[in-house]
> 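Dropping the structure in here first, questions after.
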Amino acid sequence: MGRILAVDDEPDMLSLIKMIIEGYSDHDVTTTNNPMEVAELLSKERFDLIVTDLKMPGMDGMELLELAKKYDEDALILMVTAFGSLATAEEAVARGAFDYLSKPFRKEQLLLAIDKAMRWREMVLQNKELKKQLNKE
Amino acid sequence: MGAPVDRINIRRLLKGLGLLVVLLLAVAFVLGLLSLQRTREIVSEDFQQQQLILAKTTARQIEDGLEFLRRELKILNFSPAIQYLEEVAWSNRMQVSFDDLSKLGVTAIERIDFTGPNAGHSYILDADGPRVIAYNVNEPSPEAGWAKDPANRGRIYQGPVSLQQQGDHKVPFFIMATPVYEVSVDESHPKATGNLDGVLLFKIDASRFAGHYCAAIRSGRTGYCWVLNKDGVFLYHPEKEFIGEDAFTARGRRNPVISFSTINEIQKSKMLAGEEGTSLYSSGWHRGVIGQMEKFVAYSHAKVAPDGSRIWPVAVVAPTDEVYGTIHSLYIRQFLIQGILIFALLLAAAAVIYYEMRWSVELQREVDNATADLRRSREQYKSVVENAKDFIFLLDEKGTVISANTAAARAFGIPAAGLKGKCLGDFFAPEDARPMLTQMLDVVDSRRSSEGKSAVRIKDRVYWLSTHFVPVMGEDGRTVDRVLVMARDITERQKIEEQLYQTEKLASLGTLSAGVAHEINNPLGVILGFTEILLDRIPPDSKEHEILKTIERQGLNAKRIVEKLMTYARQPSKQEEFTDLNKDIEGVLSLLQNNFLTNKIELETRLARDLPQVHGDSGELQQVFINLVNNAVAAMPQGGKFTVMTRVNPYSHMVEAIFADSGTGIPKEIADRIFDPFFTTKKVGEGTGLGLSVSYAIVQKYGGNLRFETRLPEEERGNQGTTFFVSLQPESASNS
């Protein structure tokens, strides 16, 4: 069970994402439609995955990616974009996002992406733990 | 070229002018001669009349002189000193009269006494003084005899002219006498006897008497006067030798070679006959000059006898040379003036002709230069017109071709010469010719240029023409009698403009699409997401499930449209993508093979071998080809022929895929809209109207071009249909 932060300026989209994740997986979802609150949320809590819209007022998905990396260098970002063109999303992956989804997406696409991210997260954390133990020994 | 002609003209002109001058001179000469003749006549006549007046005046003066002598004789006769021959007194009294009368030629005063104590004596006073001489009474002189006749008391006797030899020349004399009666009284003779006592007479030198009146006469410059007596003897003549000589012989003696018949005849039949008149004669002497000369003569006569029974002819003569000489000198002066005037005129005319010719030559040179310039200009103009790529032709006001250049003739497929006399409708389609004719007539009416752009069909080919109608004014400068038509083939430019227009349209559409896609995808994402969740929760066979499926289907439909729209927003592809055009086409054709069969469409494929690869994404290009094939199939509902071919365009060197159908063609009114997004001729739901516009965007993205040609059934029955040309850059284009 992981903790997921969903960020989108559209509350309906947040509701949909939350309903899909919580309805079809056992992950917990925290949502916010104000990107400016993300810093505060990140400072309080540690999230396994951040699902964020690319284009938002105040702070876009790319800035959010930069911010998240500051709090957790292993932070996983799933970029969701409504742009038909995927060029920006591809650029986001190049700059450190884990994966991207284009709107509209089917729920399986979202669940698959989240599942893939969570497994990766688990592997990364496990790897870190093993490295720690190895260093101790 | 005109120089020889000029010289001939100049020569002719000069010849004519010379002839004219000669003619003028001849006419002037003849007129001058006639005028001279006439002037001579007039002047001669005038001169003769003046001479006649002189002759008459002289004759009257002679008559008056004789009358004066008579009176003086009478007065003297009344003197008692004369009548009674008083001692001393008679000579004193005679001396008083003699002093006056000697000037008139009186040479002596004589008193002859017949009776009384002094009878037989003659008392004379002459230049030698007074004297008394004996007088033979028994042999009385004619005048004494006449005086004795009592009937002659108180009368005057005038004797005939007699000649007296004095030295070597003769002197003509005549006697003027009157009887002396003792009728006066004085102290010595208080009582008059009244008896005849004698005769008193004047002895008169006729030449001196006549000379008194004639000598001063000047007719003209040197003309003079001479006087004859009734017998033709010279009483007076400036040539002293002639005085007292016979006028009929004296001249001949002097100049035997000269014939004096004329003057002799005049003297005889005119002068001595008592006539007055004028004439001409040959003379041999004039004031000391000896030689033959012609003279004017005017003659009259003086009646010398108291009863008028005797006459003395008086003549005034002058050499004709004096009169004619003056006239001649006048005429010579006049001729000289005329000559100078004519010469001056000739000179002026020559100067005028010279300058006129120089001016003409100058003018001719300028005209030649201007003509040469004009010819050059015309040649240049012709060359420009002939070599112009534009179609240039000249129409009359009814739209009939007057002339056309090579480009026009080539486009119309008729030799330039054959175009003359043809109408616009002969080489343009009627629907194209009509508006052109209307536009041309507007230009004729408005006299203003007009421009237009239109697509016209000339011999199976569609041209975009930018046509310029220019009015050409007629000779009156007000009405248009021709129209110059300059049509530029802008087909290629039009295509480029259309492509540019499409490109710009796509670019703005791309910007718009990106924004629209984002705004639609968000709500679409929410709708489809929730629909999907609801579909999981609603039993599949329920009515609600069916409704949700419809919502989902339409949502997905919208999603596809947005995805297509996004084609416009995509960034230009990286040029490294290449694909094999033939393979892509073959793939599409095999995929759609069933469509051809079901629609009874005959497929012909002519794919070029060794075709280079082209820039483009295989999948996207196939999408383009699918669109084109689907459109072709839709255009042939009754079946037809569909030809697909590939080639390297020999001109542009682009690789072309050509899709030609024999369908219904694309009507003109929609031809320029078929690449517009959402433009479709299909029913609602059958097509999105994005197929061709997306295809266009894809081809453009790879630096290619998509265009078409179409032939409508009404234009090309049997050859109708639409052909699409997909031009793509060959792989070699990026290497080069």
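Every chain is numbered from 1 and lettered A, B, ... according to where its sequence line falls, protein lines coming before strand lines. Keep in mind the model is a prediction, meaning the values are calculated, not measured.
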> State whether D536(B) and K107(A) are salt-bridged, where the test is any N-O pair (Lys NZ or Arg NE/NH1/NH2 against Asp/Glu carboxylate O) under 4.0 Å.
yes
> Can a salt bridge be assigned to the pair D60(A) and K55(A) using a cut-off of 4.0 Å between side-chain N and carboxylate O?
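Here D60(A) does not pair with K55(A) in a salt bridge, since their nearest N and O are not under 4.0 Å apart.
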> Shorter than 4.5 Å, heavy atoms on both sides: which option in D12(A), L110(A), L16(A) has the most such pairs with chain B?
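Option with the greatest count: L16(A).
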> Considering only NZ, NE, NH1 and NH2 on the basic side and carboxylate oxygens on the acidic side, decide whether D48(A) and R121(A) come within less than 4.0 Å.
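Here D48(A) pairs with R121(A) in a salt bridge, since their nearest N and O are under 4.0 Å apart.
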> Count the heavy-atom pairs under 4.5 Å between each of V526(B), T531(B), L524(B), I527(B) and chain A, then report the option with the highest count.
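Heavy-atom pair counts peak at V526(B).
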> Do K70(A) and E66(A) sit within salt-bridge range, that is, some charged N less than 4.0 Å from a carboxylate O?
no
> Select one option (side chain, backbone, both, neither) describing which atoms of L556(B) are under 4.5 Å from chain A's heavy atoms.
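Contact with chain A: side chain only.
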> Give, as side chain, backbone, both or neither, the part of L528(B) having an atom under 4.5 angstrom from any heavy atom of chain A.
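Just the side chain, heavy atoms under 4.5 Å.
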